[in-house]
Participant: 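This is the structure I want to talk about, given as structure tokens.
Everything numeric in this text was worked out from a predicted model, so none of it was measured. Order of the sequence lines sets the chain letters (A, B, ...), proteins ahead of strands, with each chain counted from 1.
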Amino acid sequence: MKEFDIISTRANRIDTPDKATGRAVFVDDISRPGMLYGALLQSPHAHAKILSIDTSKAEKLKGVKAVITSKDAGSIKYGVSPARYDETVFAIDKVRYVGDEIAAVAAESLDIALAAVDLIKVEYEILPAVLTIEEAMKDGAPLLHEGSPKNLCAEVHQEFGNVEEGLKNSDIIITTKMKNKRQDGAFIEMQGCIAEFDNLGVLTLTSSTQVPHYVQRTVAMVLGMDIGKVRVIKPYVGAGFGIKASANPMELACCILARKTKKPVKMNYTRDQVFMLARARHQFSHTITTGAKKDGTLMAIKHECWLDGGAYTSFGIATVYYTGSLLGGPYKLDNMSYDGYRVYNNKPACGAQRGHGAVIARAAFEQQLDMIAEKIGMDPLELRIKNMMETGDTTCNDLNMSSFGMSECIEAVRKGSGWDQKKGKMPKGKGIGMACGFFVSGAGYPIYRSDTWHGTVIVKLTEDGGTALVYTASAEIGQGSDTAFAMIAAETLGIPLENVRLASGDTDMGVDLGAYSSRQTLMTGHATKDAAEHAKRQVLEVLAEQLKAPVENMDIRNGFVEFKGAAPDFSELRTRYIKEHRGWIDNPTSEKLSFKEASRIAFLERGSIVGTGKYKPHNLGGKFKGAAVGTSPAYGCSAQVAEVTVDMETGQVTIDKITDAHDCGKAINLTSVEGQMQGSVSMGIGEAMHEEVIFDKQGRVLNHDLAEYKIVTSMDMPKVEAIVVESDEPNGPYGAKEVGEGAIMPTIPAILNAVYDAAGVRLNELPLTPERVYNAIQEYKEKNKIK
Amino acid sequence: MLLPKFEFHEPGSIKEALELKKKWGSTARFLAGGTDLLVHLKKKIITTDHIISLQRIESLARITAHPDFVEIGACATMAAISETPVIQAKFSALKSGVDNIGTHLIRNRATLGGNVCNASPAGDSLPALLIYKALVLLESLDGKREVPIEEFFKGPGKTDMKADEILTGFRLPNPPVHSGAHYIQLGKRKSSEINVVNVASFLEFDPKTKKIIDARIALGSVAATPIRSLKAEALLKGKIAEETSFYEAGEKARFEDCKPIDDFRGSAAYRRAMVGVLTKRTLTTAFKLAGR
């Protein structure tokens with residue numbers, strides 16, 4: 001492998017000084033002269049017909065500048081996947097969940113806007129609401145959407161190989177169920193936005209989003225504008241985890257208010273509105289049957305899953321496919337079937353969240369692997385090694401593992417955790433468990449059907465020479481992508497990192513599908529490398545002309561031009577450069593020709609040196625229905641070992657340590673990779689241990705704040721030993737691939753397997769609250785007649 | 001969620017505060033740390049026209065050790081209480097109670113008086129005050145009065161404090177020699193938690209006979225107010241201080257003394273079971289500390 005100067009180091013993040021000193025600007029820090037404040041009227045009912053809306057009192061309130069309803073917003077449907085558009089900005093005939101948007105107000109202050117919202121009078125006819133899958137599927141249940149009988153939003157049926165045959169040839173067959181709870185992303189920054197029109201009719205929307213590109217398209221479509229007249233800017237963002245990966249109704253309402261008032265309008269969600277909008281991880285109910293041979297060879301998986309979808313599709317059509325497609329790997333398996341169902345009901349819509357669709361399926365399946373290992377008396381780690389896919393393998397549903405350091409990950413956690421010394425040798429109440437997982441490195445296809453490039457990047461060298469400007473529409477949302485692309489640009493150009501300046505998150509800078517499906521490092525990374533190579537090539541071409549030396553004999557490294565063999569005489573170029581800088585004190589004196597000199601000369605010869613880069617994946621996947629979902633140019637993979645203590649009297653589980661190894665291809669920034677691993681573990685622990693959105697019987701969220709929705713605190717976080725396993729991904733820029741989502745895959749099942757090892761109980765429902773674990777222990781004691 | 005509008009008063013003395021309270025009556029609220037009050041105002045759980053801040057009345061924040069007792073001002077913060085040597089030395093169960101409230105940021109603002117006036121059945125500092133036999137010190141323009149803490153709580157959010165009174169502080173008698181106390185809270189996560197069950201126990205024993213002289217057990221989150229576990233306490237008196245006694249006391253507390261309900265934080269059955277476990281555990285530790 002090539003020696004690198006910048007990538008694969010622990011370079012300081014370029015956003016750290018701003019964030020550490022409070023200078024980083026988020027939406028909430030921004031205001032505009034004459035700016036108005038917007039507020040939403042949202043449904044208090046889970047299901048109701050709207051008979052009438054009277055906005056007259058609200059409009060009369062002093063300071064109110066506009067009140068809008070579906071009359072202003074129109075009936076254009078939008079959503080995530082074009083084939084599944086089922087939302088309008090404001091409810092037209094009925095509301096489908098507590099929080100469904102009905103109207104919005106813009107006023108001189110937030111106080112006034114909120115008071116005006118209270119003055120809007122809506123007459124409802126309450127309809128019976130369905131809040132669970134069971135209620136929604138009942139004969140005669142009220143329907144949320146016309147054309148979706150039985151409230152079935154989507155169903156998927158797939159079979160690869162021959163599952164019946166596979167199970168027939170199995171010696172051990174295990175069937176289990178597994179259920180999680182609806183999650184909230186619990187990002188720190190609640191969504192907010194500012195919409196403003198300039199005098200030429202151009203709309204700029206500044207928003208806390210992961211996907212400026214998709215927001216731009218949705219806003220343009222819903223407002224009936226040219227895409228070129230809509231600019232979306234993403235300032236610094238306090239995370240998203242998938243929930244901010246599509247346009248939200250507040251953004252659209254804000255743009256319509258700005259159009260109507262001709263003033264900038266700012267809107268923010270409160271924390272309870274974040275819970276109302278939801279769009280985070282579904283509740284999944286899995287039934288999985290897995291067959292294996294006595295020697296541990298996996299034979300077949302039969303998989304059924306029901307997704308509690310909420311009132312709209314959102315990302316759900318992708319979710320229900322991902323749930324099936326990402327199960328079989330990272331193991332060799334010829335036979336796999338999947339029946340997935342996503343059901344509408346009168347709760348907020350679920351969507352995508354870190355580890356999209358695949359996390360709970362993995363929690364079920366990886367426990368079954370341990371059960372099989374126990375039955376045949378095999379170390380569960382060895383069972384996994386025995387079945388592990390290798391580099392170049394393709395799953396039965398056509399996912400190709402072009403690099404795959406899975407075995408290295410297993411060996412790393414075996415060693416890091418002291419597995420061989422601990423497994424089977426821990427005292428009662430203490431346990432150790434492991435699991436594996438894999439995830440896409442970017443969705444193989446955009447959300448809308450298109451041949452579009454997934455990312456374009458521009459690298460412009462400043463005219464004085466010496467500094468490279470990188471422009472990308474990608475989304476830095478806290479994960480460190482700006483730093484990664486600056487590092488890739490610097491590495492490719494052959495200049496120090498501090499000589500790169502990067503701007504991102506603006507649709508005027510190009511196309512980038514955004515921060516979702518763990519795509520940016522590979523895809524935007526490729527486009528950045530491509531753009532930097534293009535800029536560098538132009539500089540070297542000018543040098544070749546000027547020095548009459550072959551271009552292939554030159555390169556740039558660490559800010560200097562390197563020549564193969566003896567360096568040609570470049571004194572004329574240096575003299576020319578120095579003449580340009582009469583009176584300056586930093587004239588070059590080095591023995592080598594500097595990049596600064598070379599790029600200045602290039603500008604003098606050719607004008608501005610601009611490199612453009614682009615990326616889209618090659619054709620991926622099979623021909624079956626839904627084959628696109630789950631495809632990716634590369635897959636990250638990981639193994640984790642969890643060590644836990646279970647208090648046998650109270651059911652409290654303490655996670656003592658997580659040993660985590662992840663194959664991210666070539667790590668662009670080692671510290672950022674470890675950060676993603678730590679963050680994934682933290683989110684996995686939260687979901688495993690205490691996170692759960694709870695509703696009352698009216699469909700209202702009961703725990704709509706971070707006091708009662710319990711994410712992990714620093715006191716709950718164990719020591720995490722993060723081991724970066726590097727492979728060389730042929731489809732990744734410099735061999736890089738994902739880490740942001742794959743790293744969450746093994747966390748939950750590793751904990752569940754450790755709890756079984758400690759307490760002898762298998763839990764098929766999350767979260768592992770002390771009460772749930774206590775009840776399982778009591779049941780176990782009664783069954784086994786233990787006092 | 002915006003803070004509603006109100007008039008803000010900042011008196012410099014207790015007398016001045018009481019005069020303001022008399023003037024505005026039930027339309028006014030006292031502000032100590034604000035960690036409950038401001039949240040309730042934002043969530044529109046309560047409304048008020050006047051806020052009377054007690055933060056400038058220095059005497060209310062004092063913690064003073066006397067030969068036989070300690071006095072803790074109502075506005076002493078949880079962080080200050082936790083760091084006070086006499087609390088650490090003699091009232092360790094109170095220290096662990098206040099250490100379990102919220103986060104560092106909250107403990108730097110939240111006050112003991114505020115926690116008591118908020119009167120949540122799950123309040124972290126309350127069981128310790130019960131087992132240490134705290135006296136609640138109240139003052140009005142008409143004079144002062146003292147109320148034993150177990151008579152002070154009247155229901156969730158309700159106390160014995162009158163509309164014209166200020167809670168000025170607490171008096172905690174020094175625990176006898178050969179005594180110890182301990183507090184344990186149980187929630188879904190390890191910090192920033194609203195308790196599912198919380199228990200504090202106090203134990204005094206005769207080192208010669210090993211017999212229990214006195215025991216007090218306080219249970220949180222299992223009734224409308226924090227309560228004393230009187231039957232379990234009675235069972236312990238005169239018994240030998242040992243694991244089986246503590247277990248029996250736990251079972252007594254579990255089945256006869258507590259009245260938990262089902263809610264989204266936990267079921268009544270689980271709460272009962274945990275009352276048993278935590279009572280046993282707090283007594284065991286209290287006994288260990290008593291024998292030091």
Side-chain angles (χ1 to χ4, degrees), chain A residues 37 39 109-115 118 181 190 268-274 647-655 685-686 688-697 701-718 767-778, chain B residues 1-5 35-36 38-40 42-45 99-106 120 122 184-199 221 243 246-247 250-251 254 260 262-282 284:
Chain A
Y37 295 83
S109 75
L110 184 54
D111 275 327
I112 297 171
L114 290 170
D118 285 342
K181 294 295 150 56
M190 299 163 281
N268 285 97
Y269 278 144
T270 57
R271 185 60 71 180
D272 56 335
Q273 287 177 305
V274 172
D647 186 324
M648 300 297 282
E649 285 188 328
T650 64
Q652 285 170 299
V653 176
T654 303
I655 299 165
I685 290 176
M689 304 301 293
H690 22 71
E691 288 184 41
E692 167 176 15
V693 179
I694 303 170
F695 290 87
D696 69 7
K697 290 197 172 76
V701 179
L702 273 174
N703 54 343
H704 49 77
D705 58 39
L706 296 184
E708 294 281 11
Y709 182 84
K710 294 171 196 305
I711 59 171
V712 165
T713 70
S714 58
M715 302 295 287
D716 300 287
M717 202 54 193
L768 302 184
T769 58
E771 180 166 355
R772 181 165 286 118
V773 177
Y774 170 83
N775 289 338
I777 292 171
Q778 293 310 111
Chain B
M1 276 187 281
L2 300 177
L3 211 50
K5 294 215 170 7
T35 56
D36 283 313
L38 296 190
V39 175
H40 290 169
K42 279 189 177 176
K43 287 188 173 174
K44 301 192 171 109
I45 294 168
D99 283 347
N100 272 304
I101 290 171
T103 60
H104 281 289
L105 298 173
I106 289 169
S120 159
I184 301 178
Q185 50 80 39
L186 188 149
K188 287 179 186 170
R189 65 181 172 193
K190 307 248 182 283
S191 80
S192 312
E193 186 52 306
I194 294 162
N195 298 320
V196 176
V197 179
N198 50 329
V199 176
S221 324
E243 191 75 22
F246 304 149
Y247 171 77
E251 293 302 287
R254 171 183 183 178
D262 289 320
D263 70 11
F264 71 91
R265 292 195 191 104
S267 72
Y270 180 67
R271 287 190 156 118
R272 268 188 197 284
M274 291 309 102
V275 161
V277 175
L278 299 191
T279 300
K280 182 189 73 179
R281 289 186 181 180
T282 49
T284 306

Participant: Hey, is B/Lys42 close enough to A/Asp705 for a salt bridge, meaning N to O under 4.0 Å?
Facilitator: no

Participant: Which atoms of A/Leu114 come close to chain B, meaning under 4.5 Å heavy atom to heavy atom: side chain ones, backbone ones, both, or neither?
Facilitator: side chain

Participant: Output the distance between atom CG (A/Leu110) and atom CG (B/Leu2), rounded to the nearest 0.5 Å.
Facilitator: 4.5 Å

Participant: Given a strict heavy-atom distance threshold of 4.5 Å, which part of A/Thr650 is in contact with chain B: side chain, backbone, both, or neither?
Facilitator: both

Participant: Identify which part of A/Glu708 has an atom lying under 4.5 Å from any heavy atom of chain B, answering side chain, backbone, both or neither.
Facilitator: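 Contact with chain B is through the side chain of A/Glu708 alone.
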
Participant: What part of B/Ile194 is in contact with chain A, defined as an atom under 4.5 angstrom from a non-hydrogen atom: side chain, backbone, both or neither?
Facilitator: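 Contact with chain A involves both backbone and side-chain atoms of B/Ile194.
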
Participant: May I ask you to say whether B/Lys188 pairs ionically with A/Glu771, meaning some side-chain N is under 4.0 Å from a carboxylate O?
Facilitator: no

Participant: Any idea which heavy atoms bring A/Glu649 and B/Val277 closest together, and the distance?
Facilitator: OE1-CG1, 3.6 Å

Participant: Could you tell me which non-hydrogen atom of A/Pro770 sits nearest to which non-hydrogen atom of B/Gly187, and how far apart they are?
Facilitator: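 Closest approach of A/Pro770 to B/Gly187, heavy atoms only: CG-O, 3.6 Å.
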
Participant: With a 4.5 angstrom heavy-atom cut-off, could you sort out which part of A/Ser714 is near chain B: side chain, backbone, both or neither?
Facilitator: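 Looking at A/Ser714, nothing touches chain B.
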
Participant: Could you tell me which non-hydrogen atom of B/Phe264 sits nearest to which non-hydrogen atom of A/Ile694, and how far apart they are?
Facilitator: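 Smallest interatomic distance, heavy atoms only, reads CD1-CD1, 3.8 Å.
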
Participant: Between A/Thr270, A/Asp272, A/Asn703, A/Thr654, which has the largest tally of heavy atom pairs under 4.5 Å with chain B?
Facilitator: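 Most pairs with chain B among the choices: A/Thr654.
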
Participant: So, B/Ser192 and A/Thr713: side-chain donor and acceptor under 3.5 Å apart, yes or no?
Facilitator: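 Note: B/Ser192 and A/Thr713 side chains miss the donor-acceptor criterion.
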
Participant: Give, as side chain, backbone, both or neither, the part of B/Arg271 having an atom under 4.5 angstrom from any heavy atom of chain A.
Facilitator: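 Interface part for B/Arg271: neither.
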
Participant: Show the nearest heavy-atom pair for residues A/Tyr709 and B/Arg189, with the distance to one decimal.
Facilitator: O-NH1, 4.3 Å

Participant: Find the one option among A/Glu692, A/Gln652, A/Arg271 whose heavy-atom pairs under 4.5 Å with chain B are most numerous.
Facilitator: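 Highest number of pairs under 4.5 Å: A/Gln652.
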
Participant: Once rounded to the nearest 0.5 Å, what's the spacing between atom CG of A/Leu702 and atom CZ of B/Arg265?
Facilitator: 10.0 Å

Participant: Under 4.5 Å heavy-atom distance to chain A, tell me which part of B/Ser267 shows up: side chain, backbone, both or neither.
Facilitator: both

Participant: Which one of A/Leu706, A/Ile711, A/Asp696 has the most heavy-atom pairs closer than 4.5 Å to chain B?
Facilitator: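 The candidate making the most pairs under 4.5 Å is A/Ile711.
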
Participant: Closest heavy-atom contact between B/Ser191 and A/Asp716?
Facilitator: N-OD2, 4.4 Å

Participant: Can you give me the closest heavy-atom contact between B/Lys190 and A/Val653, atom names plus distance?
Facilitator: NZ-O, 3.4 Å

